[in-house]
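Single-structure report; data block below.
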Amino acid sequence: MSSSHARRRVNLVFLLWTTVLFVAVISLLVLGYQSRSRSTARSWLDQAEQAEKSGELVKAERLLFRYLRLVPSDRDARVRYARLISRLDRSLSTSRQVVLILEEVLRDSPGDNSVRREVAEHLLLLAKQDQARAADALEHLTILNEVNPNQPEIESCLGRAEMYLRHFDKAAAWFSKAIQHAPEDVETASILATLTRDELKSPKQADQLINAMVDNNPRSGRALLLRHQFRRVTQPSASNGDLKLAFELAPDDLDIALAWANLQVEQGNFDVARTALQRFLDRPDLDPRPYVALALLEIRAGRPVEAESRLRDGLGRLPNNPELIYRLANTQIEQGKLREAEQQITALKTSGIIGPPVEFLECRLLVEQGKLAEAVTSLETLRAALAGGELSSEVDALLAVCHARLDQPEQRAEALRRLADRNLGQPTARLAFAQALREAGKLEEADQEFRALADQVPEARLELIRSYLAQPERITSLPDGVKTLERWLDELVKVIPDNSDLALLRAEAALREARTEEAVRILETETQSHPERPEPIIALATVWASRGEIQRAEQQLRRVPGASGARRTREALLAEARIWSAAPPEIAHRRLLELEADT
């Protein structure tokens, strides 16, 4: 008994010491791991700080993210991380992430007004799409204003919050107060002027406000840029002088450079636009906008491969940037690289980007795959969800394309109407809308739009001439009839001398007054100068057919691309039908029957 009891006692003592030893070893291991973890975390934090100082923001973000996985309680590091990702990516999805991080910090430190202000600013960015976020921002801003009143930055933010909530009188009062405290705040002054014109319906007062802003800041490129943007809605050509001077004063301001480059692209000065933007590509702040602007420029210049190259350069410096990936997918779709575009869409989804941008890209794929009805349904659903927010213009532009391919002119005109109303400062959008109205048979409404644009866009005057010539009975309403149209054409030659439609319209005007020989001379000169263009050849053949000179008409017809050979193109067949329709009745009837038999 005693021997057995002794053995049990020895076993218990052994077990006790073994347990103590095991706990001690585990504790030492844990302490060692914690020590190494603290050391590793400290190293990551130091490296992140150095990377940020040297402008390596992507590297800094990755290191800080690793550090926070080990030390999530570090309040200052969380604030630094939120600010860092905000610098790297200005998208709304990042603003949502920043708000989540900083609101958690604010719960632990409710008295930190600098963090509260950052939360409010990001909420205001989100409020552009989600009105409820404006109410959240207003709550934070009210606290800040109570703690420290008469701060113009806070007053301006309060005005924006009230504006997003559609409390326009309250918004104007806050903006006015902010400008009184800081007359150099040109951004707030511009917002107040626009609000006064568009929502409070006081255009004269709005003009006074925008001019006072420039008078108070005469050497500010930013002020001139904002007045240019304000005036472009109602005085597009007059506003360009402001933009030119703004770029001369501040060529290193990215917003000014982007606006200047956009104007140069509209005027066809692609090299000038490239030069203005390229200086921003190697800057340390890593802004995706210069890459996007250069890509859009190359697309307008008909160089999609160069556009894709620009976007890939941007992604080399800003990996996984949603805006660059989105634009890259768009560019690839335009080149017919649908499989590559699908990969970009997958990349967006993988990085957590869902919603309107991805849905729009998927709609573009449907269009390219010929699934137009399905695309229209999806686009209309997306348009309703956007409610005029981000991407709405691109959605309407794509809807216009779909309706054109589905031969739905009225729906196309309506899509372009929305697009033009949303882009009041871009007369080219209004011109496309006017052309769509004409195609939909709404001739009077189309002519009203052309007249309104005639002094801003030379092509609008051209379209107005075309409308009059298509409706001869209306020419008599002009003071000098056809001579008025010819005077307009003379003026247009000085502005757009290389426009190939001028000669065609001049010939048609001559035909309206039975000046056939003059029309023939104009068209023969045009066919010799531009033998590759079918339009003057068809017009000349039509003149010969109308005079019954069939051999001459056939001679010209053979010059139309696709008009000869065993398989004539659809365009060539339509051209031939148009030519023979102008011939004397007995010839027209016979030729059209022959054409019908051939097809």
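No experiment lies behind these values; they were computed from the predicted model shown.
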For this session: Determine, stepwise, if the pair Arg222 / Asp255 fulfils side-chain contact (heavy atoms from CB on, under 4.5 Å).
Result: CA-CA 8 Å; Arg222 193 83 184 166; Asp255 290 328; 2.7 Å; yes

For this session: Evaluate salt bridge (Lys or Arg N to Asp or Glu O under 4.0 Å) for Glu486 paired with Arg515, printing each intermediate quantity in order.
Result: CA-CA 13 Å; Glu486 291 178 323; Arg515 304 196 316 263; 2.3 Å; yes

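A distance of 10.5 Å separates CG of Leu489 from CG of Asp501, quoted to the nearest 0.5 Å. The distance from the NZ atom of Lys201 to the OG1 atom of Thr196 is 11.5 Å, given to the nearest 0.5 Å.
The residues Arg512 and Glu508 are annotated as salt-bridged, a charged nitrogen and a carboxylate oxygen being separated by less than 4.0 angstrom. With respect to Arg283 and Asp252, a salt bridge is recorded, a charged nitrogen being found less than 4.0 Å from a carboxylate O. Electrostatic pairing of Arg312 and Glu308 counts as a salt bridge here, judged by a charged N lying under 4.0 Å from a carboxylate O. With respect to Arg506 and Asp490, a salt bridge is recorded, a charged nitrogen being found less than 4.0 Å from a carboxylate O.
Classification of the Tyr326-Phe360 ring pair by plane angle, with boundaries at 30° and 60°, yields tilted.
Arg310 has its side chain within reach of Gln278: a pair of non-hydrogen atoms, C-beta onward, lies under 4.5 Å apart. The shortest distance between side-chain heavy atoms of Leu311 and Ile325 does not fall below 4.5 Å.
In this structure Gln411 satisfies the side chain to side chain contact (heavy atoms under 4.5 Å, CB included) test together with His403, Gln408, sequence neighbours excluded.
Put simply, the side chain of Thr527 gets close to the backbone of Glu524: a donor and an acceptor are under 3.5 Å apart. Under a 3.5 Å cut-off, the side chain of Ser190 and the backbone N or O of Glu187 do not form any donor-acceptor pair.
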